[in-house]
2 protein chains.
Amino acid sequence: MPPKIKSEQDREQLRTLILDAARSLFVERGIEAVSMREIAKQIKYSATTLYNYFQDKEALLQAVCDADFLALASGMREIMQIPDPIQRIQALCRGYAKFALHHPGHYRFMFMTPRGPCNMDITHIEQGNTEQDAYAQLQAVVQAAFDAELFRADLNDSELIVQTLWAGVHGVCSLQIALGNEIWMQWTDIDARLSLMQNALLRGLLRQPDRIF
Amino acid sequence: MPPKIKSEQDREQLRTLILDAARSLFVERGIEAVSMREIAKQIKYSATTLYNYFQDKEALLQAVCDADFLALASGMREIMQIPDPIQRIQALCRGYAKFALHHPGHYRFMFMTPRGPCNMDITHIEQGNTEQDAYAQLQAVVQAAFDAELFRADLNDSELIVQTLWAGVHGVCSLQIALGNEIWMQWTDIDARLSLMQNALLRGLLRQPDRIF
DNA sequence: AATGTTAAATTAACGTCGTTAATAAAATAA
DNA sequence: TTATTTTATTAACGACGTTAATTTAACATT
């Protein structure tokens, strides 16, 4: 039996040990292919120990994703410094898509898997905090472009624009994750798909479509 | 023990009985919440009997989805009669989205769940047949619009346009299915999201954006 | 230093799942 | 009537998430 954890510091250390083990299995195999027993075995603890640190499997995976999406949002901060709002939107979408395609397990768990109606108690990302939440970042930059009257005059709901842009990028990414390896689909190049989605959407939303190439 | 099935006709009848039972559970609960044992119980057979009619659970669910997506494509045939290609695209997208949102379990299984690389042997929908395959229907009408030179001159790949349009609609639908009930998201109206997606994409793709309202 | 108490780990167990092997029973053929 | 074949059944396997019961290590008290 391993030495017991008493101090709050050591406890946090074991917690992140579990998170790391879960992450590695979570990343290399798909998602539900990772079992509590296997995570525990990897760190040489019994499976039930995990339940002293996480309420259940879903909470564990949620914690993994929370941490990594926090890292994503943090990595986006320099993009948020780009002065031109349109370029900022484009860079943000590209960064978001890149993360999604490089972390398909994470992305699937976060955005492609229906949950019970309320997860507020599990996730620890403070919603609406631009520093932390990737969605809020897109929200902020779209609002900036909206305030600068860059969007079509008949589009009067900034939130609707945000969600449309998100849905567009999400559509490309999630299709790639779910069906990207299907033989019967003759996919065009994923970068081309992403580019055209951004290009077409912005052209269709902006007051001056010619600004987008 | 129920009477045994010998004739090919009765065999097909029991097969569809299984399919119907699976469909009903599949529709009312989510997706993986339906077990083989429960399907069997509903039709008063033992669980192992199902394996005489379907290779495994995935094949059963795939058969359910195949049948219903065939029905979808069939129901789209009148839409395919609309003369104007642009209106045809719009109607097709609306019909597709309507089906997706009314059959979230089907949709999730078909388009939001990664599979092993090869499912060709399971699905019985003949790919490329406009009558049967919803994707091929979109492909056909986009090709028509492409041939009529309705898209921007710099867009030279019709397949890329198809996949972008699909990804857009899929993005809205799949986000709604996966996260539509999340409390922390303040979703705008789903119809507005769908409309704006189609509107913006077509405006961004077409040579004459003003044709789209 | 010996004892008791608390907290953290363990093993055992429950119920469920998809699926396969072994078996019983019904229909058909001889 | 018996033998054969097909179709269903029950039993069982291994894995899963999770909870209950139990052991064990660390700390506190005398």
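None of the values given here were measured: they were computed from a predicted structure. What you see below is based on every heavy atom in this structure, not just the backbone, and it leaves out hydrogens, waters and symmetry mates. In what follows, chains are A, B, ... by sequence order, proteins preceding strands, each numbered from 1.
- Between the NZ atom of A:Lys44 and the P atom of C:dA8 there is a distance of 23 Å, given to the nearest Å.
- One can find a donor-acceptor pair under 3.5 Å joining the base of D:dT10 and the side-chain atoms of B:Thr48.
- If you check C:dT10, D:dA8, D:dA25 against the side chain of B:Leu14, the one that comes closest is D:dA8.
- Contact between A:Arg108 and B:Met112 at its shortest, heavy atoms only, is NH1-O, 3.7 Å.
- One finds no side-chain N or O of B:Thr49 lying less than 4.0 angstrom from the OP1 or OP2 phosphate oxygen of D:dA8.
- Remark: B:Lys41 does not engage B:Glu38 in a salt bridge, criterion side-chain N to carboxylate O under 4.0 Å.
- A:Ser35 comes within contact range of the sugar-phosphate backbone alone, with a heavy-atom separation under 4.0 Å but no base atom that close.
- Taking the six-membered ring where tryptophan is involved, the planes of B:Phe111 and B:Tyr96 are tilted, since the angle between them lies from 30° to 60°.
- What separates CD1 of B:Ile43 from C1' of D:dT9 is a distance of 14 Å, to the nearest Å.
- Taking the six-membered ring wherever Trp is involved, the centroid distance between the rings of B:Phe99 and B:Phe69 falls below 6.0 Å.
- Nearest-nucleotide positions on DNA chain C for A:Arg37 and A:Tyr45 put A:Tyr45 closer to the 5' end.
- Counting non-hydrogen atoms under 4.0 angstrom, B:Tyr53 reaches the backbone sugars and phosphates but no base.
- Rounded to whole Å, atom C1' of C:dT6 lies 14 Å from atom CG of A:Asn52.
- As rounded to whole Å, 14 Å separates atom C1' of D:dA25 from atom CG of A:Asp10.
- The NZ atom of A:Lys4 sits 13 Å away from the P atom of D:dT23 (whole-angstrom rounding).
- At least one side-chain nitrogen or oxygen of A:Lys57 sits closer than 4.0 Å to the OP1 or OP2 atom of D:dG17.
- With rounding to whole Å, B:Tyr51 atom OH is found 18 Å from C:dA22 atom P.
- Nucleotide C:dC17 holds its P atom 7 Å from the CD atom of B:Glu38, rounded to whole Å.
- Atom pair A:Met36:CE and D:dG17:C1' shows a separation of 8 Å (rounding to whole Å applied).
- No side-chain donor-acceptor contact under 3.5 Å links B:Ser158 and B:Gln139.
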